[in-house]
Amino acid sequence: MTVLENTPDEKPTASSAPWCSPVTERYNTRIVLTTYPGQSAVNPVPLKWGEKDPQERGPILVSRNGKTLNRRNAIGAHGGSYAFYSALAIAAGDLPVNFKPDFTNTQPTFDFPPQEAWGDPTKIVSMDPFGHDVVKHYKKHLEDGLDARPTIAITRATMRVSEVSDAVKIGRVPVDGEIVLNPSGDVRVTKVAVEPVWYLPGVAARFGVDEGLLRRALFEHTGGSYPELVTRPDIKVFLPPIGGLTVYIFGPPGRVSDPNFRLALRIHDECNGSDVFQSDICTCRPYLTFGIEEAIKEAQNGGSGVVIYFRKEGRALGEVVKYLVYNARKRGGDTADKYFQRTENIAGVKDMRFQALMPDILHWLGIKKIDRMLSMSNMKHDAVVEQGIPILERIPIPEEMIPADSRVEIDAKIHSGYFTTGRKFTEEDLKQVKGRGWECWEDVTH
Ligand SMILES: Nc1nc2c(ncn2[C@@H]2O[C@H](COP(=O)(O)OP(=O)(O)OP(=O)(O)O)[C@@H](O)[C@H]2O)c(=O)[nH]1
Ligand SMILES: [Zn+2]
């Protein structure tokens with residue numbers, strides 16, 4: 001191991017950095033900077049990605065706590081981006097370094113039937129197919145003191161979305177007592193939260209790139225945070241510090257994997273400004289609530305409805321870049337012909353969502369075909385179809401749901417290849433599609 005001497009008996013000297021002594025109180029072992037295969041202390045628990053028997057596959061162990069450090073078979077940390085809050089909590093003294101969670105009563109509220117894809121190393125490469133049943137499958141490892149943790153949680157809830165409540169009030173969505181519970185529009189839902197777990201050879205294959213190149217890029221562009229990406233080619237699994245996804249299932253969850261039931265599906269990427277705060281610059285929330293409504297109706301008609309919400313804010317460019325783009329658009333004349341160019345000028349690309357990994361969750365759920373896909377995105381469509389899941393019908397957002405200032409976005413998307421049943425646009429048409437200017441703001445901001 002590459003270690004940095006920092007033993008508890010080490011006396012801080014005048015030249016010690018001021019943070020040295022609290023470090024020795026909280027971490028009383030040497031710092032392991034990185035490890036190499038074949039070192040005497042390195043003894044990973046076998047992990048065979050793609051084995052359909054969870055015992056054969058083995059648990060995913062990523063923690064550096066206690067005895068798990070030497071038995072790790074994965075790089076990164078649990079919790080996606082929230083791992084950094086755990087680190088803060090430990091540094092602040094709120095969380096013990098070797099805290100062991102108590103998983104009593106945390107088991108899934110629904111047992112998803114195992115799917116063939118769970119044992120296929122090419123079909124699922126960005127989540128752990130056994131991540132919801134870690135306590136059941138890896139009890140022995142937990143009892144041995146190894147820090148295995150769930151990366152999927154399955155629960156149920158009642159939700160209320162104002163647009164759906166409005167649809168119930170005007171009778172567009174009936175109250176059935178099972179899915180829509182009452183005239184206020186309370187809706188029953190099963191939810192699945194998933195944290196990312198990447199099988200690096202599989203992720204590299206999805207993008208058609210070399211695994212070594214992928215590892216190098218991940219190492220370099222995370223500030224050199226994960227040296228084992230380079231020093232431990234024997235470890236194939238990485239838990240990246242990024243957001244995951246949530247699945248919302250309307251109707252009995254057992255129907256989702258049964259091709260005899262019709263399926264309506266909305267795959268949605270996060271847009272906090274619209275999804276939560278209802279900005280009118282894009283179609284995100286309207287399409288999301290339309291998707292929820294259609295999913296509910298499909299379930300009420302005896303089928304199944306699924307909405308999958310990915311944490312890929314601003315096309316995975318983040319909200320800061322997105323707002324910079326908004327400014328550039330509004331100051332430079334907001335026309336549809338320049339829409340994507342503005343993003344490319346600032347981010348270098350127009351989109352970083354890489355839908356190639358998105359279909360994993362569909363395989364995990366056992367979805368074999370999609371009857372009604374509530375999306376116009378050609379990228380989502382192509383990624384799903386390339387994974388062997390046919391889409392029988394594509395449903396664009398209804399015209400009347402498109403907010404005032406989002407015409408620029410939707411027309412630019414249609415021009416760039418998004419699905420439409422309406423009219424297509426020429427470059428000349430796009431120049432005429434203008435967003436709202438900022439002139440009207442002058443009075444209130446000055
Ligand atoms: N960078 C950037 N991102 C944007 C902008 N407008 C919307 N977004 C993001 O684009 C994404 C839109 O995702 P979705 O609502 O799933 O829509 P889509 O993939 O474009 O296609 P549909 O499925 O047809 O709705 C979200 O992540 C938004 O935050 C913009 O001007 N710049
Ligand atoms: Zn949006």
Side-chain angles (χ1 to χ4, degrees), residues 242-246 248 264-292 294-295 306-332 334-359 361-362 370 372-385 391 393-399 401-422 433 435-436:
I242 59 173
L245 63 92
T246 313
Y248 287 77
L265 175 70
R266 165 78 186 153
I267 291 168
H268 190 87
D269 294 317
E270 177 173 17
C271 176
N272 188 265
S274 167
D275 294 345
V276 180
F277 293 98
Q278 308 196 36
S279 140
D280 72 346
I281 200 171
C282 54
T283 55
C284 298
R285 181 171 170 112
Y287 219 159
L288 177 63
T289 58
F290 175 63
I292 294 170
E294 292 302 307
V306 175
V307 174
I308 308 181
Y309 192 88
F310 281 84
R311 301 319 187 295
K312 292 183 191 166
E313 175 58 62
R315 293 194 214 114
L317 303 171
E319 214 172 33
V320 169
V321 167
K322 186 161 91 172
Y323 290 2
L324 296 175
V325 172
Y326 287 164
N327 284 354
R329 281 171 57 186
K330 296 298 177 189
R331 291 198 175 106
D334 190 16
T335 52
D337 61 317
K338 304 250 171 58
Y339 174 82
F340 284 115
Q341 189 198 317
R342 303 260 190 246
T343 306
E344 269 187 67
N345 288 349
I346 292 164
V349 290
K350 66 178 180 189
D351 201 317
M352 284 207 291
R353 280 176 288 175
F354 297 119
Q355 300 292 1
L357 300 176
M358 170 270 285
I361 185 64
L362 307 182
I370 298 158
R372 302 179 73 225
M373 176 82 168
L374 301 147
S375 167
M376 297 159 74
S377 164
N378 51 333
M379 289 165 280
K380 290 177 190 169
H381 171 273
D382 295 353
V384 169
V385 171
I391 294 174
E393 191 188 354
R394 299 165 80 179
I395 322 269
I397 185 170
E399 280 287 317
M401 294 186 89
I402 298 173
D405 201 26
S406 68
R407 203 67 251 182
V408 171
E409 180 201 32
I410 198 91
D411 290 353
K413 282 176 169 178
I414 290 169
H415 182 69
S416 83
Y418 272 51
F419 175 75
T420 178
T421 49
V433 182
R436 190 185 301 127

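For ligands, and for the atoms within them, numbers begin at 1 and follow the listed sequence. The first residue of the sequence shown is numbered 1, and numbering continues consecutively from there.
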So, regarding [X] and ligand 1 (criterion: nitrogen or oxygen to nitrogen or oxygen, under 3.5 Å), is there a contact or not?
{"X": "Met376", "answer": "yes"}
{"X": "Leu317", "answer": "no"}
{"X": "Lys312", "answer": "yes"}
{"X": "Tyr287", "answer": "no"}

Review point. For ligand 1, which part of Glu270 has a heavy atom less than 4.0 Å away: the side chain, the backbone, both, or neither?
Key: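 Answer for Glu270: backbone.
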
Exercise for review: Count, excluding waters, the protein N, O or S atoms that are closer to the Zn ion (ligand 2) than 2.8 Å.
Suggested key: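 There are 3 of them.
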
Give a yes/no verdict on whether any heavy atom in [X] is under 4.0 Å from an atom of ligand 1.
{"X": "Arg329", "value": "yes"}
{"X": "Arg266", "value": "yes"}
{"X": "Phe310", "value": "no"}
{"X": "Phe419", "value": "no"}
{"X": "Lys350", "value": "no"}
{"X": "Arg353", "value": "yes"}

Do NZ/NE/NH1/NH2 and the carboxylate oxygens of [X] and [Y] come within less than 4.0 Å?
{"X": "Lys322", "Y": "Glu313", "answer": "yes"}
{"X": "Asp351", "Y": "Lys413", "answer": "no"}
{"X": "Glu344", "Y": "Lys338", "answer": "no"}

**Study point:** Heavy-atom pair of closest approach, residues Ala295 and Ala264
**Key:**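 For Ala295 versus Ala264, the nearest heavy atoms are CA-CB, 4.3 Å.
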
Check your understanding: When you measure from atom 8 (N) of ligand 1 to each heavy atom in Lys322, Arg311, Lys380, Glu313, which option holds the nearest one?
Key ->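 Answer by nearest heavy atom: Lys322.
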
Point to revise | Reported CZ-to-NZ distance for the pair Arg342 and Lys330, which is rounded to 0.5 angstrom | key: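 The NZ atom of Lys330 is 10.5 Å from CZ of Arg342, to the nearest 0.5 Å.
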
Exercise for review: Answer with yes or no whether the side chains of Arg394 and Thr421 bring together a donor and an acceptor at under 3.5 Å.
Suggested key: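 The answer is no; no qualifying pair exists.
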
Exercise for review: Could you tell me whether the side chains of Gln355 and Asp269 share a donor-acceptor contact shorter than 3.5 Å?
Suggested key: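 Distance-only check passes for Gln355 and Asp269.
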
Point to revise | N/O donor-acceptor pair under 3.5 Å between Arg315 side chain and Lys350 backbone | key: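 Looks like yes, one N/O pair under 3.5 Å.
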
Review point. Can you name the salt bridge (charged side-chain N to carboxylate O under 4.0 Å, His left out) partners of Arg329, sequence neighbours left out?
Key: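 So Arg329 forms a salt bridge (charged side-chain N to carboxylate O under 4.0 Å, His left out) with Asp334.
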
Review point. Parallel, tilted or perpendicular for Tyr287 and Phe290, by the 30°/60° rule?
Key: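 Geometry flag for Phe290 against Tyr287: tilted rings.
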
**Study point:** Heavy atoms of other groups near Tyr418 OH, more than 12 under 6.0 Å
**Key:**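 Atom OH in Tyr418 is crowded, with more than 12 foreign heavy atoms closer than 6.0 Å.
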
